[in-house]
Number of protein chains: 2
Amino acid sequence: MRKSKSRSVERLLRYCEFVKKRLEEGKSYVFSHELADLVGVSPAQVRQDLMVFKIVGTPQKGYPVEEFYRVLSDHLKSGIKTKIILVGVGNLGRAILSYFIKRKPNLEIVAAFDSDPQKTERIYSGTRILHISKMNDFILKEDIKVALITVPADSAQIVADQIIKAGIKCILNFAPVALKTPPEVFVEQLDITLSIEKAAYFANKEAQ
Amino acid sequence: MRKSKSRSVERLLRYCEFVKKRLEEGKSYVFSHELADLVGVSPAQVRQDLMVFKIVGTPQKGYPVEEFYRVLSDHLKSGIKTKIILVGVGNLGRAILSYFIKRKPNLEIVAAFDSDPQKTERIYSGTRILHISKMNDFILKEDIKVALITVPADSAQIVADQIIKAGIKCILNFAPVALKTPPEVFVEQLDITLSIEKAAYFANKEAQ
DNA sequence: TAATCATCGTTAGTTTATTAACGATGATAG
DNA sequence: CTATCATCGTTAATAAACTAACGATGATTA
Ligand SMILES: NC(=O)c1ccc[n+]([C@@H]2O[C@H](COP(=O)([O-])OP(=O)(O)OC[C@H]3O[C@@H](n4cnc5c(N)ncnc54)[C@H](O)[C@@H]3O)[C@@H](O)[C@H]2O)c1
Ligand SMILES: NC(=O)c1ccc[n+]([C@@H]2O[C@H](COP(=O)([O-])OP(=O)(O)OC[C@H]3O[C@@H](n4cnc5c(N)ncnc54)[C@H](O)[C@@H]3O)[C@@H](O)[C@H]2O)c1
């Protein structure tokens with residue numbers, strides 16, 4: 001899948017959350033440099049992001065928060081509740097489940113799946129844990145498009161194949177393997193270990 | 001900090017791990033397209049990565065695994081054990097602690113810190129959990145350069161300021177806030193929620 | 001009144017990241 | 001023996017992401 005403007009989507013999501021808070025605080029305007037600080041880019045980048053959506057501000061007051069929020073939340077569909085499943089209820093999977101409960105109103109982890117019968121057919125942190133054998137039907141019936149993969153590396157590709165076949169279009173993969181997927185499927189890789197190794201690399205470099 | 005060639009470092013780390021496995025399997029050569037598949041880039045990119053390190057191969061056999069591993073592991077300092085601390089022993093912090101125990105020989109989480117006295121002064125999954133008040137001295141005495149931040153968003157900046165003052169040079173931040181840090185500090189942001197929101201965005205877009 | 005100022009929208013330029021392309025190589029097949 | 005082939009090293013081209021910079025605006029200050 002084209003990841004087109006993937007980074008700008010990240011920023012837009014953060015802007016949207018921020019201006020929502022502004023709105024609730026009763027503030028009417030926001031400056032590009034405030035948003036720039038929020039996400040860690042230059043004000044020029046922020047202005048460019050907003051230009052695309054024809055959100056116009058004035059040099060005196062900045063951008064009008066209300067219109068800003070309306071346009072962005074409409075584009076980002078932040079009103080729509082997205083149903084998500086999680087596959088692999090291990091240490092990481094449970095951490096995510098317990099974090100997400102009631103945290104984000106527009107994201108809902110509607111079920112989790114595991115191959116271990118000891119872990120399934122119960123509720124964890126408000127989420128149903130079902131056996132993997134029920135996954136295919138569940139995805140189809142509930143029309144799920146987004147999945148989080150938190151199974152061991154060996155199983156990640158197998159799981160990916162299964163869920164894509166069932167209709168999943170967007171995957172967040174925490175397993176440290178590059179998934180082979182058809183081009184229309186969006187895959188985001190979140191490799192915690194790799195990130196730590198990278199940090200370690202720079203630490204050792206800096207020290208010469 | 002200059003993130004220079006951050007992406008290529010990620011790939012090099014994966015190549016290194018892969019050729020190590022090759023070596024153990026007794027294979028002598030590897031082709032660029034095999035490495036390309038591994039990390040999800042073109043063979044041209046792989047060849048370019050290796051060119052920098054003067055690792056030369058032949059069109060007939062590919063790249064010699066032994067020299068490949070020697071050069072890369074030397075550059076990546078994968079022999080050096082990097083000491084890491086973790087701050088914030090919540091759900092995510094504990095998941096990481098239990099994952100890392102004995103998993104990566106060159107990375108060691110030597111201690112974890114928390115502000116909650118109920119969670120500290122004990123061992124979790126083989127790692128000492130100490131009270132945050134002992135963090136500064138620990139970083140100094142043990143000469144720690146890498147830290148993982150897994151505290152709530154409100155506390156992340158405070159923690160970052162503390163650890164940077166104590167000497168931390170590389171931070172992996174799991175809290176959903178952009179940290180303000182001096183330019184010489186390497187910060188990697190791992191925002192799980194943002195990644196999920198991004199996936200949800202693409203899922204809703206695809207559906208029109 | 002006029003100078004100063006921060007910030008705007010926009011265009012141009014820079015940096016980083018990645019792929020395309022091309023001549024060269026030498027093993028293998030006809 | 002010669003043509004074909006996959007793959008090499010390398011350079012050029014392209015794409016993505018971001019910053020710099022500039023004229024414009026209008027409020028504020030001198
Ligand atoms: N926990 C961490 O902090 C951490 C850090 C870095 C990377 N990761 C990666 O995240 C993933 C999960 O890590 P973890 O620590 O939670 O592992 P874990 O072993 O605790 O949990 C894995 C879970 O997946 C289940 N599972 C295995 N095969 C399955 C299958 N085919 N279908 C459905 N469920 C299956 C297991 O029963 C288990 O519950 C791994 O790929 C790991 O490499 C985790
Ligand atoms: N758990 C997840 O799956 C998940 C998902 C997305 C984002 N995150 C982010 O990761 C971070 C941790 O998440 P979590 O679910 O583990 O939270 P948590 O509330 O379970 O744990 C946070 C821990 O940090 C400790 N803490 C708080 N302030 C501190 C301070 N100043 N110094 C030291 N320790 C302090 C708390 O005592 C607690 O143990 C959060 O910023 C969260 O937004 C987590």
Side-chain angles (χ1 to χ4, degrees), chain A residues 1-15 19 22 27-65 67-68 71-72 178 183 186-189 194 198 201-202, chain B residues 1-15 19 22 27-65 67-68 71-72 178 183 186-189 191 194 198 202:
Chain A
M1 180 206 242
R2 295 231 32 246
K3 281 230 199 171
S4 71
K5 317 289 175 165
S6 179
R7 303 294 282 277
S8 89
V9 171
E10 289 181 17
R11 289 194 298 271
L12 294 173
L13 285 162
R14 304 259 243 122
Y15 299 159
V19 293
R22 276 264 161 150
K27 306 256 178 72
S28 300
Y29 293 90
V30 64
F31 288 115
S32 62
H33 64 82
E34 295 173 294
L35 297 163
D37 285 351
L38 177 74
V39 299
V41 294
S42 69
Q45 178 67 74
V46 174
R47 294 199 296 271
Q48 214 166 44
D49 286 340
L50 301 188
M51 213 168 56
V52 177
F53 295 96
K54 313 256 189 272
I55 301 170
V56 291
T58 62
Q60 288 69 45
K61 296 180 163 184
Y63 298 92
V65 163
E67 189 205 342
F68 194 137
V71 173
L72 270 200
F186 172 87
V187 179
E188 172 103 342
Q189 188 72 25
L194 191 63
K198 198 165 63 167
Y201 166 82
F202 284 117
Chain B
M1 181 208 242
R2 296 234 28 250
K3 280 233 201 170
S4 71
K5 317 291 173 159
S6 179
R7 304 294 281 277
S8 89
V9 171
E10 288 180 18
R11 289 194 298 270
L12 294 172
L13 286 161
R14 305 259 242 121
Y15 299 159
V19 294
R22 276 263 161 149
K27 308 256 178 72
S28 299
Y29 293 89
V30 63
F31 288 115
S32 62
H33 64 81
E34 296 174 293
L35 296 164
D37 284 351
L38 176 74
V39 299
V41 294
S42 69
Q45 178 67 74
V46 174
R47 294 200 296 272
Q48 212 167 47
D49 286 341
L50 301 188
M51 213 170 54
V52 178
F53 295 96
K54 313 256 188 272
I55 300 170
V56 291
T58 63
Q60 288 69 46
K61 296 181 163 181
Y63 297 91
V65 163
E67 189 205 343
F68 194 138
V71 172
L72 271 201
F186 171 89
V187 180
E188 173 103 343
Q189 189 72 24
D191 194 330
L194 190 63
K198 199 166 61 169
F202 284 116

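Lettering follows sequence order; numbering is per chain, from 1. Values in this document were obtained by computation on a predicted structure and should not be read as measured data.
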Should Val52(A) and Gln48(A) be marked as a side chain to side chain contact (heavy atoms under 4.5 Å, CB included) after you check the CA-CA gap, both sets of side-chain angles, and the distance that decides it?
CA-CA 7 Å; Val52(A) 177; Gln48(A) 214 166 44; over 6 Å; no
Quick test: give all pairs of protein nitrogen or oxygen and nucleotides 23-27 of chain C nitrogen or oxygen below 3.5 Å, distance rounded to 0.1 Å.
unit_1  : atom_1 : unit_2   : atom_2 : d
dT25(C) : O2     : Gln60(B) : NE2    : 3.1
dG26(C) : O4'    : Gln60(B) : NE2    : 3.3
dG26(C) : N3     : Gln60(B) : NE2    : 3.4

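For the segment residues 39-47 of chain A, the set of residues with a heavy atom within less than 4.0 Å of an atom of DNA chain D comprises Val41(A), Ser42(A), Ala44(A), Gln45(A), Arg47(A), in numerical order.
Within the 4.0 Å cut-off from OP1 or OP2 of dA17(C), not a single side-chain nitrogen or oxygen of Ser8(B) is found. Side-chain N/O atoms of Arg7(A) include none lying less than 4.0 angstrom from OP1 or OP2 on dA16(D). Between dA17(C) and Arg11(B), no contact under 4.0 Å exists linking OP1 or OP2 to a side-chain N or O. A sub-4.0 Å separation between OP1 or OP2 of dT7(C) and a side-chain N or O of His33(A) is present.
Taking OH from Tyr15(B) and CG from Leu72(B), the interatomic distance works out to 9.0 Å, rounded to the nearest 0.5 Å. Rounded to the nearest 0.5 Å, atoms CG (Leu12(B)) and CG (Leu50(B)) are 7.5 Å apart. To the nearest 0.5 Å, atoms CZ (Phe31(A)) and OH (Tyr63(A)) are separated by 10.5 Å. The line from OG of Ser28(A) to CD of Glu67(A) is 13.0 Å long, rounded to the nearest 0.5 Å.
With respect to the salt-bridge test (charged N to carboxylate O, under 4.0 angstrom), the residues Glu34(B) and Arg22(B) qualify.
The interatomic distance linking Phe31(A) (CZ) with dG9(C) (P) rounds to 12 Å, in whole Å. Computed from coordinates, the Asp49(B) CG to dC8(D) C1' distance equals 15 Å when rounded to whole Å.
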